[in-house]
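First up is the structure itself, then whatever we jot down about it.
Below, each value reflects all heavy atoms present in this structure, side chains not excepted, and no hydrogens, waters or symmetry copies.
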Amino acid sequence: LAGRIKANFRELEGTLMTIIAQSTYLHREITVELAQKITEKIVGEEQNEITIEKIVDTVCEYFNITKDTLLSRSRKRQTVQARQIAMFMCRSLISNCSLSTIGSELGGKDHATVLHACTTVSDLRDTDKTFRQYVSDIEKMLVPVDR
């Protein structure tokens, strides 16, 4: 368990309690297989969580740019569009994230810039076939099929 659950002690303790509860509920002995099955579910859920950092990394990978470039003050079209897509994805895929938080994480922008980026991406997605493909591809990279 300790090798698979690395976040903190509470998570390790919670996983152990889940294993004990499952073995009691199923009237089965605690085995390595049972422990692996339960930890895979827990670790798998963590890996599927979408964060600003995960979105930034995915957008950078897609456009083949560095994180420093994305977060810079560059006004090159490709960089600006990548940054705007990242802001749009944060807004649409992370439910409890404010515009201010998104802006500060993506190069120290303010909430109005993030709102403008979301509007711009939405408009371009509706009118530009290539841009729509960018957004669709990145969304597929971020959102697992089983969701």
Side-chain angles (χ1 to χ4, degrees), residues 1-22 25-26 32-147:
L1 286 178
R4 308 245 1 233
I5 311 281
K6 296 179 177 150
N8 58 43
F9 179 75
R10 286 186 191 276
E11 188 175 1
L12 180 62
E13 184 180 33
T15 304
L16 183 58
M17 296 305 289
T18 302
I19 292 169
I20 293 168
Q22 283 290 321
Y25 177 73
L26 298 172
V32 173
E33 291 79 25
L34 179 65
Q36 285 176 334
K37 188 176 178 181
I38 291 170
T39 54
E40 280 177 16
K41 286 181 182 178
I42 293 169
V43 172
E45 287 172 6
E46 261 180 34
Q47 291 173 345
N48 290 336
E49 185 179 335
I50 297 175
T51 62
I52 293 176
E53 186 175 340
K54 187 173 182 180
I55 290 170
V56 167
D57 292 342
T58 304
V59 170
C60 288
E61 178 187 336
Y62 185 80
F63 287 107
N64 196 26
I65 59 176
T66 65
K67 189 173 179 179
D68 289 338
T69 302
L70 184 78
L71 302 178
S72 72
R73 299 182 61 83
S74 172
R75 295 179 55 92
K76 289 183 181 176
R77 184 173 189 207
Q78 182 187 10
T79 305
V80 169
Q81 285 185 339
R83 190 181 309 121
Q84 288 177 332
I85 290 173
M87 290 177 183
F88 176 81
M89 291 292 174
C90 288
R91 177 89 192 273
S92 60
L93 297 176
I94 304 174
S95 60
N96 60 347
C97 199
S98 70
L99 295 174
S100 299
T101 303
I102 295 168
S104 66
E105 293 288 321
L106 290 170
K109 310 296 185 211
D110 66 6
H111 75 282
T113 304
V114 177
L115 194 56
H116 172 73
C118 293
T119 304
T120 301
V121 170
S122 184
D123 291 346
L124 282 172
R125 195 177 54 169
D126 292 341
T127 59
D128 185 340
K129 186 177 181 180
T130 305
F131 197 83
R132 184 180 317 120
Q133 190 63 47
Y134 294 160
V135 174
S136 176
D137 290 346
I138 293 168
E139 197 167 33
K140 286 175 188 170
M141 291 169 72
L142 286 166
V143 180
V145 177
D146 61 325
R147 268 196 171 180

Give, for atom [atom1] of [X] and atom [atom2] of [Y], the distance between the pair rounded to the nearest 0.5 Å.
X      : Y      : atom1 : atom2 : value
Ile85  : Glu139 : CD1   : CD    : 11.0 Å
Leu115 : Asp110 : CG    : CG    : 10.0 Å
Thr58  : Ile138 : OG1   : CD1   : 8.0 Å
Lys109 : Arg73  : NZ    : CZ    : 5.5 Å
Glu105 : Leu71  : CD    : CG    : 9.0 Å

[Y] side chain reached by [X] side chain, heavy atoms, under 4.5 Å:
X      : Y      : answer
Ile52  : Thr101 : yes
Val121 : Met89  : no
Gln84  : His116 : yes

Legend entry - Ala82 versus Ile65, closest heavy-atom pair with distance: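 Scanning both residues, the minimum pair turns out to be CB-CD1, 3.9 Å.
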Contacts of type side-chain hydrogen bond (donor to acceptor under 3.5 Å, both in side chains), residue [X], not counting sequence neighbours:
X      : result
Thr119 : none
Ser104 : none
Ser100 : none

Inset, instruction - Can you run down the side chain to side chain donor-acceptor pair (under 3.5 Å) pairs that involve residues 121-135, sequence neighbours left out, and say none if there aren't any? - result: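 Those involving residues 121-135 are Gln133-Asp137.
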Legend entry - Sequence-distant partners of Cys118, side chain to side chain contact (heavy atoms under 4.5 Å, CB included), two or more places apart: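 With neighbours one apart ignored, the set is Phe88, Arg91, Val114.
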Which atom pairs, donor and acceptor, lie under 3.5 Å between side-chain atoms of residues 74-81 and protein residues at least two apart or in another chain?
residue: Ser74; atom: OG; partner: Lys76; partner atom: N; Å: 3.2
residue: Gln78; atom: NE2; partner: Phe63; partner atom: O; Å: 3.1

Legend entry - The single option from Thr69, Leu70, Asn64 passing side-chain contact (heavy atoms from CB on, under 4.5 Å) against Thr66: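 Single side-chain contact (heavy atoms from CB on, under 4.5 Å) partner of Thr66 among Thr69, Leu70, Asn64: Thr69.
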